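Here's the structure, in structure tokens; my notes come after.
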Protein chains: 2
Amino acid sequence: MEYGHFDDATREYVITRPDTPLPWLNYLGMDDFFGLCTNTSGGYHFYRDAKLRRITRYRYNSVPLDESGRYLYIKDGDTVWSPAWKPARTELDSWECRHGTGYTKFQAEKDGIRAGLRFFIPRNDPVEIWTLQLENTTSEEKELTLTSYVEFCFYEANNDATNYQRTWSIGEVEIHGSAIYHTTEYRERRSHYTVFYSSELIDGFDTDQFSFLGNQRSVSKPVVVESGKPGNSVASGWNPIGSHSIQIKLAPGEKREITFLLAYIEVPESEKREPSGRLNRKPAEDLICQYDTSEKVESAFSELCSDWIDLLSRFQVETPCPVVNRMGNTWNQVQCMATFNLSRSASLFETGIGRGMGYRDSNQDLLGFVHMVPEKARQRLLDIAATQLSSGLCYHQYQPLTKKGNADIGGEFMDDHLWLLLSTTAYIKETGDFDILSENIGYADQEVKDATLGDHLWTSFHYTLDNLGPNELPLIGHADWNDCLNLNCLSTEPNESFQTAPHRTDGKVAESLMIAGLFLKATRELESLYQKMGDKDRADSVNSAHSKMLQTVEDKGWDGDWYLRAFDANGQPVGSAKNTHGKIYIESQGWLLLGGAGKDNGRARKALDSVHEHLSTDHGCVILDPPYAEYDLNLGEVSSYPPGYKENGGIFCHNNPWIHLALMQEGEGDRAYTYYKSICPAAQPDQETYKSEPYVYSQMIAGKAAKNHGEAKNAWLTGTAAWTLLSIMQGFAGLKPDYDALVLDPCIPSDWPEFKVSRQIRGTCYEIHVKNPDGVCTGIKELSVDGQPVSGNRIPYISNGGTVEVVAIIGDK
Amino acid sequence: MEYGHFDDATREYVITRPDTPLPWLNYLGMDDFFGLCTNTSGGYHFYRDAKLRRITRYRYNSVPLDESGRYLYIKDGDTVWSPAWKPARTELDSWECRHGTGYTKFQAEKDGIRAGLRFFIPRNDPVEIWTLQLENTTSEEKELTLTSYVEFCFYEANNDATNYQRTWSIGEVEIHGSAIYHTTEYRERRSHYTVFYSSELIDGFDTDQFSFLGNQRSVSKPVVVESGKPGNSVASGWNPIGSHSIQIKLAPGEKREITFLLAYIEVPESEKREPSGRLNRKPAEDLICQYDTSEKVESAFSELCSDWIDLLSRFQVETPCPVVNRMGNTWNQVQCMATFNLSRSASLFETGIGRGMGYRDSNQDLLGFVHMVPEKARQRLLDIAATQLSSGLCYHQYQPLTKKGNADIGGEFMDDHLWLLLSTTAYIKETGDFDILSENIGYADQEVKDATLGDHLWTSFHYTLDNLGPNELPLIGHADWNDCLNLNCLSTEPNESFQTAPHRTDGKVAESLMIAGLFLKATRELESLYQKMGDKDRADSVNSAHSKMLQTVEDKGWDGDWYLRAFDANGQPVGSAKNTHGKIYIESQGWLLLGGAGKDNGRARKALDSVHEHLSTDHGCVILDPPYAEYDLNLGEVSSYPPGYKENGGIFCHNNPWIHLALMQEGEGDRAYTYYKSICPAAQPDQETYKSEPYVYSQMIAGKAAKNHGEAKNAWLTGTAAWTLLSIMQGFAGLKPDYDALVLDPCIPSDWPEFKVSRQIRGTCYEIHVKNPDGVCTGIKELSVDGQPVSGNRIPYISNGGTVEVVAIIGDK
């Protein structure tokens, strides 16, 4: 069953039937105001923080139900329908939904009424704009009743969902003309409110959910909508809503456009009230004025679209593969922006009241958006690093609003600090901004800030060296990247967090080969940075630590056909052929190879062959094999999942591109491409099986041991976004920014005769044409820059603010 | 609009239409297993703890939506309907719901099929039993498809509602015959599962919500139900459900009965698996065997009913007022049992993941159930007291499973400790069990337990004396009984708890007249206990503190026409005619009068007249008047509510019976009765306005300043239950247990010519007939016990295990 397809020309994903296997989501908003919007207009809004400033309410656990959203009803005679299909769910004569870059639009028709509906959030203003276009295609006059609907949230989303004793007694609204003001708690500690406005004069309104729905009725069939008679209800407690009722007469052929605005308004504390004591509506009215004509709205929409085109234009690729093109040029980058904006906070799988920014997550996410928004990446880097303690230990999560580390979860995820080395060096290579290293950001445990970002790098490097285990390998702590590999924690109680369960007290400690690999890679980056800065002592010191770790890994970490994953607290290997379950893990193969292990001794290739033999499937590589059959106290959460799911043998997409990059490092472009497509949502053969959005990556695809092998979960907010984009940008296209040159090192499927790539960096656009006359995967044979031949594969940065033409030929020299 | 009525003969409340203004709830379960059941069979199940052992899932914020529950569908040709109306919501030919004591049943008819459906939870077994009776009243054979439906919860309800990244990958089930086993996490740290069983052989099943509902469909119209074809789906992740599909042929006139069982099963850790490695289903099968015939089920149902009759028979009253009778004899006592079982944890307003047991709540609740379950009350008392610290400070809340104080909220609610004096003395008066005072329960901060309950009483008494303010009145701390009167806290941040917001740091402190009144009452009780125990020194000491406090109250606390509520941290009066808002509060009038203030100086009567003038309405007395118009930092949450709601001028029902009892103390039976009826759900004139359940009290009714004056909220779990029962038992009926006699001190409306009351206490049943030939309210003129005249109004306890006949005449001597 096909539910939709890409429209490459418009950069849209077109959904052709509303009954998708899961709600298929889009994100509206780029700056402070955000709206989640599904393919039936479900979802919710918030300002900056999905926990503390939730604007509209969502009932979670609603995959697959998805029954709260921004809704419109059209009553035409006795028929009630919705342009987005929901909430009315009436069968329509035609329907489609288009998710675009920062907007979603619907086109629907029923009984000769054609409706176009578009939602977007303009740059810089906290408002969602709804544009409804109605057309009467019949030869009769039509009398329609149009009803809008949103359900307001009481701003603090956790309280809103749990504390009914208070929340159901505090709801307040005001109605002025066609503007409905949600003013709950404005009388007291809040100096912000929400306004929901209609550009059309209204014939009535409702703000009280009871009056609107009617007793024991649902949002699919409210009494007000069915009767066509608004209640003009003024909410006083319970659940305030916003609903406009508009009578519309459409002559044959007549068209009409109506705009609705849903906006979040802050008012300075001293100006909350007019001198008369009335609500200060001026800021709302000022905002409404910005969007009170069709021209203004279209201008804002055009600006949004052109901003997106500008963002995406920093990297564009044209390969023989449409999947690579549409993901790389649009949707993978769009997804990276979502992870920049929202980290792991708010999706259909993340409620917005849980996790803040992850130390590990955000450093990796940055690799996927630094080329689009380097200025914002700079601030993010400083924010992240500031949550590290002077010892080197990092808060595993921090709150985006307060930028303080989350004490509940604490630290001791022993990979966290190393990711900072990758993100910082990637940022400097992208921008040339070495000054960032001198920014004084302090440590989280310092009262007076006295540490630069540069100091953090050195501290992070040493933190691993200071925390080695009996095999001289890095300690794993609560867990490394694999949060569920808990080798020191002993959880026996249900409901207990596996990560923060009591640690063993016998002094035994477990070690991680994956962290060892990450250390190898991070030290290579750090050494290169110190070399560039002329700090030879530190460069040597880092290099020597790298060599020693590499030797340790090769001495202790090789299992015969692949690298081990870890040593448990009893010194026994994890991820070894000796084990009954979990014989081979993916992460250590990926990171040890990326860190340079197995390069000269054939082990890299052998490890990759083992991955292919044991882990690869048509839907991606599973994280380990065989899955654990039962819970093992000494392994932790990894063994708690049913076989084939999540960390217990699921296809955890995030780690797949590490293998793609390792394959490409070995010149294996064909296999890398096959693997890439296996996890790529746009390349899935069956949307019914895959279930999730076909345009963005999911965190997980059920593994070969699972009943629903090939079924994806948790789309959008996953580290997969950044890493798969790197597979395209730095892997296939091979564009690796270095400190003084853009390195061109593509690795492609051998049957690509050529590809083009465009990359803006440091103010200059590089237009690169790579030809592959010999049908090979990799290796630059010839290179010319603006017509001048260049030896090697480095394109020196040229700060001319214009365009540089590059032509390259790959093949055996 | 009338939605239902009482059936006094069956002790049931009969709901005659499903579209009630709110879901009207009943509680099933008395021991460990509980089921919430609305009038359309919505609600959920849990074992002991609504947070940690949730069995079925509920989507909160569902007042008024209520769209998850225990559901049945009947497909008859193309028509699908539900005996409980939901989830199908098909219009039925006839329908009624009867909420009884521990059970709920439905009777519905559609197209000639008559369906009876009953839900109950038997004593002592963790299972909900569904009995469905179908009858074909037509002259044609009917072929029906019957489909059952529950949605399983992953046991930890908070995690279930928020952590989809994990929960949607762990769901597991097994199906054996007609038994569906929900086994999520059983592979690891859980040694319990859920089983959902049908007595009828099934034609198919579903356990995967996707397959059952179909894409983007809701529970009102699942694809499996619409098609009549079960998917035989085996859940693997996502949301596991339990659904049986049964084909039924009914000949004309034929009847059929089918039983469904939903049970929670614990298995010893060592017996989780059979030797073969398969799930140990034996405990489930053993339980099923207990209820596998109609006879066994009916026997269990009869036992439940007779247990309830036995419980209720400890107090029964027969007055000229049917409202007093039906509330006092059945529903108010049923509600008190609900507060005993669940405190404030799980209702449609309490999510089960929030508050544990309240120190203040549970002590007061005990006053309403001690006569029904004195043995359980004993343990509860010891549990509560054990959460007090040696200083006298009490944890404001404690967790029912761990019985540990909740450190997040802490203590410093400066009334908490005093309630223990009322509950303990009430328990001893009820039972004569002075031994409880010698139980060594320790203090919460003691490593080795070294304090008896008796020590706790003395500590509590002193804790007030050690915490007096500048006027020698008790300090208020975070708050007293009125959680929202926060005179020391200065909350400026939205989302912040008003109670735990930063306290002022200027050393200024606020004082509470309400605590002073509670202290007066508690010390009277304590003195009387010490007198009874022969401890004259302590009795004198307590009496002297009482006298001193009484003097202070009269010196400092009188405002001219009523008692003040408090002195704020600046020493300014709260609840004074001098204030612009909040001139008069109810709590201090109630407690100071119950404590004996104003008795000999006419102030009591004047205060009650002021209550009548300023606070009373047709729907009860508001908590204060006039409500605060704006938030006042120095008053806290009380001023945060819109006028007329909750603590800001709402009718907070809990405190109304304090006034009733104070009125009756003054002999004002007529006014007390009028006031009683004003908040009594069974006496509300308009169910549409009142909205909430007509058979149990609500926490709050919107006050006169509110737009929806008379609308009730938060039914069931409120301290109102205990106190209104005391209004009937100790007020109107005037039965006040003392240490060595049952005191008879009725105060009734003057137009009651007589009433009868039956009371079991200490193993003997007192059958009392009170006659009122003079048409007065109070005063025992004549008393005879078993035919023997007795002077005064004390009926000595007679331990004959039989019945004692008492006749009393009230009137002026």
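Since the structure is predicted, the reported quantities are computational estimates derived from the model, not experimental observations. Atom set for the values below is all heavy atoms of this structure, side chains included, hydrogens, waters and symmetry mates excluded. First the proteins, then the strands, lettered A, B, ... as listed; each starts at 1.
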(request) Let me know if A:I353 has heavy atoms under 4.5 Å from chain B in its side chain, its backbone, both or neither. (result) side chain
(request) For B:A235, check side-chain contact (heavy atoms from CB on, under 4.5 Å) against everything at least two apart and list the hits. (result) B:V173, B:T207, B:D208, B:P240
(request) Just give me the residue among A:N495, A:T351, A:T40 that pairs up with chain B most often, heavy atom to heavy atom, under 4.5 Å. (result) A:N495
(message) Would B:R189 and A:F498 count as a cation-pi pair here, with the cationic atom under 6.0 angstrom from the ring centre and within 45° of the axis?
(response) yes
(request) Pick one of side chain, backbone, both or neither for A:E269, based on which atoms fall under 4.5 Å of a heavy atom in chain B. (result) neither
(message) Please classify the contact of B:R17 with chain A as side chain, backbone, both or neither, using a heavy-atom distance under 4.5 Å.
(response) neither
(message) At a heavy-atom distance under 4.5 Å, which candidate from B:P643, B:S191, B:S639 has the highest pair count against chain A?
(response) B:P643
(request) Heavy-atom pairs under 4.5 Å with chain B are the metric here; pick the option from A:N708, A:V219, A:V234, A:N163 that has the most. (result) A:V234
(message) Nearest 0.5 Å, please: how far is CZ in A:R166 from SG in B:C484?
(response) 7.5 Å
(request) Would you please say whether a donor-acceptor pair under 3.5 Å links the side chains of B:K713 and A:Q165? (result) no
(message) Less than 4.5 Å to any heavy atom of chain B: does that hold for the side chain of A:D483, its backbone, both, or neither?
(response) neither
(request) Under 4.5 Å heavy-atom distance to chain B, tell me which part of A:E496 shows up: side chain, backbone, both or neither. (result) both
(request) Name the region of A:A629, side chain, backbone, both or neither, that has any atom closer than 4.5 Å to a heavy atom of chain B. (result) backbone
(request) Identify which part of A:D160 has an atom lying under 4.5 Å from any heavy atom of chain B, answering side chain, backbone, both or neither. (result) both
(request) Below 4.5 Å from any heavy atom of chain B, which atoms of A:Y3 appear? Answer side chain, backbone, both or neither. (result) side chain
(request) Using non-hydrogen atoms and a 4.5 Å limit, figure out which bit of B:N714 sits close to chain A: side chain, backbone, both or neither. (result) side chain
(message) Under 3.5 Å, is there a donor on one side chain and an acceptor on the other for B:T20 and A:Q216?
(response) yes
(message) Quick check for you: among A:Y164, A:W85, A:Y631, A:Y155, which has the greatest number of heavy-atom pairs under 4.5 Å with chain B?
(response) A:Y164
(message) For B:Y60, does the six-membered ring have the charged nitrogen or CZ of A:R59 within the cation-pi criterion, i.e. under 6.0 angstrom from the centroid and within 45° of the normal?
(response) no
(request) Using side chain to side chain contact (heavy atoms under 4.5 Å, CB included) as the criterion, point out the one residue from B:R190, B:E156, B:E188 that pairs with A:P494. (result) B:R190
(request) Give the minimum heavy-atom separation between A:P642 and B:S169, together with the two atoms involved. (result) CD-O, 3.5 Å
(message) Heavy-atom cut-off 4.5 Å, strictly under: side chain, backbone, both or neither for B:S640 against chain A?
(response) both
(request) Check each atom of B:R344 against the heavy atoms of chain A and say whether the ones under 4.5 Å are side chain, backbone, both or neither. (result) neither
(message) Which label fits A:F349 and B:W168: parallel for a plane angle under 30°, tilted from 30 to 60°, or perpendicular past 60°?
(response) perpendicular
(message) Counting only heavy atoms not in A:K221 (residues, nucleotides, ligands), do more than 12 fall under 6.0 Å from its NZ?
(response) no
(request) Among B:E350, B:R187, B:E493, B:K707, single out the residue with the greatest number of heavy-atom pairs under 4.5 Å to chain A. (result) B:R187
(request) Examine whether an atom of B:A702 lies under 4.5 Å from a heavy atom of chain A, and if so say whether it belongs to the side chain, the backbone or both; otherwise answer neither. (result) neither
(message) Test side chain to side chain contact (heavy atoms under 4.5 Å, CB included) on B:I170 and A:Y641; report intermediate values, then the result.
(response) CA-CA 6 Å; B:I170 59 176; A:Y641 287 99; 3.5 Å; yes
(request) Looking only at non-hydrogen atoms, find the nearest pair between A:E67 and B:S218 and report the distance. (result) OE2-CB, 3.0 Å
(message) Please determine whether side chain to side chain contact (heavy atoms under 4.5 Å, CB included) holds for the pair B:K691 and A:N215, giving the CA-CA distance in whole Å, both sets of side-chain angles, and the decisive distance to 0.1 Å.
(response) CA-CA 10 Å; B:K691 275 201 173 75; A:N215 288 358; 5.9 Å; no
(request) Check each atom of B:E647 against the heavy atoms of chain A and say whether the ones under 4.5 Å are side chain, backbone, both or neither. (result) neither
(request) Mind checking side-chain contact (heavy atoms from CB on, under 4.5 Å) for A:S698 and listing every partner two or more places apart, or none if nothing turns up? (result) A:Y690, A:S692, A:A712, A:A715
(message) Can you tell me which of A:S491, A:S220, A:G354 forms the most heavy-atom pairs within a distance under 4.5 Å of chain B?
(response) A:S491
